[in-house]
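In what follows, a structure is listed as C-alpha cells, so that the remarks can point back to it.
Along the sequence shown, residues are numbered consecutively beginning with 1. Quick caveat, the model's predicted, so the values are computed rather than measured.
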Amino acid sequence: TCFTNSVLVTTIATALTLLINSMAAFALAKYKFRGQVLFFVIILATLMVPPTITLVGLFKAINATGLSGSIWGVIIPGAATPTGVFLLRQYMLSIPDELIEAARMDAASEWKVYWRIVLPLALPAIAALAILSVIWRWNDLILPMVAIATTKEAYTIQLCLLEFRGEHLSQEHFRLAMTMVSLVPATLVFVFLQKYITTGIANTGLK
C-alpha cells in the first residue's frame, strides 16, 4: 500500500508540476504584460524561503481545504515549484519568437502554440524537470508528515520506513529491506536518464 501510494503521488504530482510550471514559464517567457518582471522576481524570491518556515501555514491550509489525511494533500501543495518555472522559462527564452508569430499568422490558437510548438521544443528542459520532480516526490518526507501522518492508509513509502522504528523496539531488518525497495525506482530513474538532467540544466543555463 505504501509503495502504491508513493507511485500515485509521484506520478500525479510530476504530471501536474510539468503542466503548471510549463504554462507559467511560457507566459513569463513569451508574453509581455504589466508586472511581468515583478511576478518573476516574486517566484525567484520564494527560492530563498526555507521550507520549514511555511510548515505551519501549509498545515493550516491543508486542514482548511479538507485535504488532510488524503494523498491529494501531498500532491496539490507541491504541484507548482519555483525551480521548475525558472528552469523552463530560461529554456523557453531560446525559442525564436518568429516561430510563434508564424504559427499565430497561420491561425493557430494560443493553446496550440503552447502544446504543439513550445512544449516539443522545450522537451530537454521538461525531461530534466520531470526526472528531478520524480526524485523529489519519491523521497519527500516532510510534506507527507504534515498532510497524512494521521491516516496510515495513505502513508507513502518514506512514512512507512518510520513505522519500523518504535519507542522500545526497532525492526531494523524490515527497515533495511524496505529502504532497499524504496531506493530502486529513484536509482533507476537517475541511472538511465541522468543525461537528460545534465543536458537540460546545462541548456537552461547557457541559453
Side-chain angles (χ1 to χ4, degrees), residues 1-29 39-92 114 119 122 125-163 182-190 193 196-197 200-201 204:
T1 301
C2 294
F3 195 88
T4 302
N5 290 338
S6 286
V7 171
L8 288 175
V9 168
T10 302
T11 304
I12 299 174
T14 298
L16 289 177
T17 296
L18 296 179
L19 180 64
I20 296 174
N21 287 359
S22 61
M23 285 183 173
F26 176 52
L28 291 171
F39 278 118
F40 186 59
V41 170
I42 292 175
I43 291 173
L44 290 182
T46 59
L47 290 172
M48 296 181 286
V49 179
T52 51
I53 292 179
T54 62
L55 283 181
V56 175
L58 184 62
F59 176 75
K60 290 183 177 180
I62 292 174
N63 279 335
T65 53
L67 297 176
S68 180
S70 168
I71 62 172
W72 291 104
V74 182
I75 294 172
I76 294 178
T81 60
T83 304
V85 175
F86 175 74
L87 288 176
L88 296 182
R89 175 189 177 272
Q90 294 304 106
Y91 193 92
M92 289 180 182
Y114 162 77
L119 280 188
I126 291 174
L129 178 60
I131 297 165
L132 292 174
S133 180
V134 167
I135 296 174
W136 292 337
R137 306 299 175 219
W138 186 265
N139 293 325
D140 190 15
L141 175 64
I142 300 300
L143 187 55
M145 288 185 68
V146 171
I148 57 176
T150 58
T151 307
K152 290 190 175 183
E153 293 78 10
Y155 271 21
T156 61
I157 200 165
Q158 303 302 330
L159 281 179
C160 284
L161 286 172
L162 295 179
E163 284 291 289
S182 68
L183 289 175
V184 170
T187 303
L188 292 178
V189 167
F190 185 79
L193 302 177
Y196 292 103
I197 299 178
I201 293 178
T204 54

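At least one donor-acceptor pair under 3.5 Å links the side chain of N5 to the backbone N or O of E153. Judged by distance alone, the side chain of S6 and the main-chain N or O of F3 form no donor-acceptor pair under 3.5 Å. Side-chain N or O atoms of S22 include one that pairs as donor or acceptor with a backbone N or O of L19 at under 3.5 Å. The closest donor-acceptor contact from the side chain of S133 to the backbone of L129 lies at 3.5 Å or more, if one exists at all. For R137 (side chain) and G78 (main-chain N/O), a donor-acceptor pair under 3.5 Å exists by modelled atom type.
In this structure, Y155 and C160 approach most closely via the heavy-atom pair CB-SG, 3.9 Å. Smallest separation of non-hydrogen atoms from P82 and L47: CG-CD2, 3.6 Å. The minimum heavy-atom distance linking L183 with T187 is given by the pair O-OG1, 2.6 Å. For the residue pair M92 and A25, the shortest heavy atom distance occurs at SD-C, 3.8 Å. Contact record, T11 with V7: OG1-O, 2.7 Å, taken as the closest heavy-atom pair. Nearest heavy-atom pair across P144 and L141 is CD-O, 3.3 Å.
We find the CZ-CG distance between F39 and L28 to be 9.0 Å, quoted to the nearest 0.5 Å. Residue L16 holds its CG atom at 11.5 Å from OG1 of T81, rounded to the nearest 0.5 Å. From I20, atom CD1 reaches atom CG of L88 across 12.5 Å, with rounding to the nearest 0.5 Å. Atoms CD1 and CG, on I75 and L143 in that order, are 10.0 Å from each other to the nearest 0.5 Å. Note that CG of L87 and CG of N21 are 9.0 Å apart. Values are rounded to the nearest 0.5 Å. From I126, atom CD1 reaches atom OG1 of T17 across 12.5 Å, with rounding to the nearest 0.5 Å.
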Please tabulate, one pair per line, all N/O donor-acceptor pairs under 3.5 Å involving side-chain atoms of residues 61-74, not counting sequence neighbours.
| residue | atom | partner | partner atom | Å |
| --- | --- | --- | --- | --- |
| N63 | OD1 | S68 | OG | 3.3 |
| T65 | OG1 | A61 | O | 2.9 |
| T65 | OG1 | I62 | O | 3.2 |
| S70 | OG | W72 | N | 3.2 |

Test Q158 against D140 for side chain to side chain contact (heavy atoms under 4.5 Å, CB included), laying out the working first.
CA-CA 7 Å; Q158 303 302 330; D140 190 15; over 6 Å; no
Is there a side chain to side chain contact (heavy atoms under 4.5 Å, CB included) between I142 and T52? Walk through the geometry before answering.
CA-CA 9 Å; I142 300 300; T52 51; over 6 Å; no
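Using a 4.5 Å cut-off on side-chain heavy atoms (C-beta onward), T83 and W136 make contact. With a 4.5 Å cut-off on side-chain heavy atoms, M145 and L162 count as touching. Looking only at side-chain heavy atoms (C-beta outward), I157 and W138 come within less than 4.5 Å of each other.
By the 6.0 Å contact criterion, OH on Y114 is enclosed, its count of non-hydrogen atoms from other residues, nucleotides or ligands being greater than 12.
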